[in-house]
Amino acid sequence: MRILFMGTPDFAASVLDRISEYPDDTIVGVLTQPDKPRGRGYELAQSAVKKLALEKNIPVYQPETLRDNAFLPELNALDPELIIVAAYGKILPLYVLDYPKYGCINVHGSLLPKYRGAAPIQRSIIDGETVTGITIMKMAKGLDTGDMMLKRTVEITENDNFETLHDKMALCARDAVSEAIKLIREGKDVYEAQDDSLATYAEKITKDDCFIDFDTDAKSVHNRIRGLSPIPLAYSYLDSKMIKFTSSVIVSTDGENAPESIGKITAAVGDLITVACRKGSIGITGVLPEGKKRMSAADFIRGQQDLAGKKLTAK
RNA sequence: CGCGGAGUGGAGCAGUCUGGUUAGCUCGUCGGGCUCAUAACCCGGAGGUCAGGAGGUUCAAAUCCCCUCUCCGCAC
């Protein structure tokens, strides 16, 4: 089958890595987001998918826009029979969706119709979910609203963070996609409509999402920290400097704390910085201070004086 | 040339603004002691050309000036 792949981040690259190995299929091309000046010094950065595609000598296309038939000439030339989309980051116009004989298949990182949108993996951890999964669906006009073809569940353990869950999801996604391709090839693909009334949305993670409000229970704080680790990382401010948290443990879930002590560092001993939440307290085990490198709580404590008693604040 | 922080014994930091005795702290490490025992405690030791430049200023530079390299945070 002639397959056109569309995707951008790591998650998508993992899927591409798998399907590009199948002898029965040919990846005729890859669409990914254009290189953009990113990072310190505004250096041009290539997407994970682009890097992989270049390694595998797959033609890469990086159109700024697909609208107004902008990609139609290339589409005609590539003539894909199936389009597979995984976190591409652009809306596909109808002329693209309708082109391939077998349609456009999307790999999404949640059990739809829950967590439609850009950041399902992070959001599911932040919300404290214990199960999530991969859904393969036929793409429709709306955002992640298409009819579903197959689902695979993935367990979220208490110690999963964005990275570990992401990796599990990526592995699962590769399997799901290859199975989907097989079903399509055999004509055994069947679809089920989503129940829109159960839909929830996992919006893109913003800076506001990363700020930790300790005025909540310890578990929520922990979920936020792990859901955003190792990137972009949850943060707060200590002595007017930003400090991010790379990992944490729940110290206690009980005990209401007085409003004035919320966010206060109650202890900084060994490898644990204990912070009071509204309910219970959280133990920070890894930090990234502004201008510094990632380090363990123990290292941070060593270099600080009188950590205990200080307060984590909003700016 | 987007903004900013930082390079000091193995680790994390202080000292730099207001140059000047043996470069300090919390750990780690090595040796010894105490102890039924210990990651605890006590004593002692090793380990640094203060990122680099046979640069500049000075009687004197980790500290002030210049150049290079590297790392990092923000923003995008």
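Only this structure's heavy atoms are used, side chains among them; waters, hydrogens and symmetry mates stay out. Note on naming: letters A, B, ... go to the chains in the order of the sequence lines (proteins, then strands), and numbering restarts at 1 for each one. Remember, predicted model here, so these are calculated numbers, not experimental data.
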Can you identify which nucleotide, out of [options], has its nearest atom closest to the [X] side chain?
X        : options             : result
A/Lys292 : B/C72, B/C13, B/U26 : B/C13
A/Tyr42  : B/C13, B/C71, B/A75 : B/A75
A/Lys293 : B/G73, B/C76, B/C72 : B/C72

For [X] and [N], give me the distance from atom [atom1] to atom [atom2], rounded to whole Å.
X        : N     : atom1 : atom2 : result
A/Met295 : B/G12 : CE    : P     : 7 Å
A/Ile243 : B/C72 : CD1   : C1'   : 14 Å
A/Arg302 : B/C13 : CZ    : C1'   : 11 Å
A/Asp299 : B/U26 : CG    : P     : 16 Å
A/Asp239 : B/A14 : CG    : P     : 12 Å
A/Glu290 : B/G12 : CD    : C1'   : 18 Å
A/Leu307 : B/C13 : CG    : P     : 12 Å
A/Leu288 : B/G4  : CG    : P     : 20 Å

Nearest-angstrom distance, [atom1] atom, [N] to [M]:
N     : M     : atom1 : value
B/A60 : B/G20 : C1'   : 6 Å
B/C66 : B/C17 : P     : 15 Å
B/C71 : B/U35 : C1'   : 46 Å
B/G48 : B/G10 : P     : 8 Å
B/G47 : B/G24 : C1'   : 15 Å
B/G9  : B/A62 : P     : 14 Å
B/G33 : B/C50 : C1'   : 35 Å
B/A46 : B/U29 : C1'   : 9 Å

Nucleotide paired to [N] in any strand shown, Watson-Crick or G-U, under 3.5 Å:
N     : value
B/U38 : none
B/G12 : B/C25
B/G2  : B/C74

What contact category does [X] fall into here, base, sugar-phosphate, or nothing, at under 4.0 angstrom with non-hydrogen atoms?
X        : result
A/Arg40  : base
A/Pro289 : nothing
A/Gly270 : nothing

| Qualifying residue for side-chain contact (heavy atoms from CB on, under 4.5 Å) with A/His222, from A/Val251, A/Ile125, A/Thr253, A/Ile250 |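 Exactly one candidate clears the test, A/Ile250.
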| said: If you assign A/Lys207 and A/Gly303 each to the RNA chain B nucleotide with the nearest heavy atom, which residue ends up on the more 5' nucleotide? | reply: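 So the residue in question is A/Gly303.
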Side chain [X], main chain [Y], donor-acceptor under 3.5 Å:
X        : Y        : value
A/Gln194 : A/Gly146 : yes
A/Lys151 : A/Leu112 : yes
A/Thr274 : A/Gly283 : no

| query | Shortest non-hydrogen contact from A/Phe211 to A/Thr313? | reply |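 Shortest heavy-atom contact: CE1-O, 4.0 Å.
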| said: Rounded to the nearest 0.5 Å, what separates atom CD1 in A/Ile126 from atom CG in A/Asp209? | reply: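 Answer rounded to 0.5 Å: 6.0 Å.
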| message | Less than 6.0 angstrom from the centroid, inside 45 degrees of the normal: does A/Lys207 satisfy that with respect to the ring of A/Tyr235? | response |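 Yes.
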| OP1 or OP2 of B/G4 under 4.0 Å from side-chain N/O of A/Lys241 |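 A/Lys241 to B/G4 OP1/OP2: no side-chain N or O under 4.0 Å.
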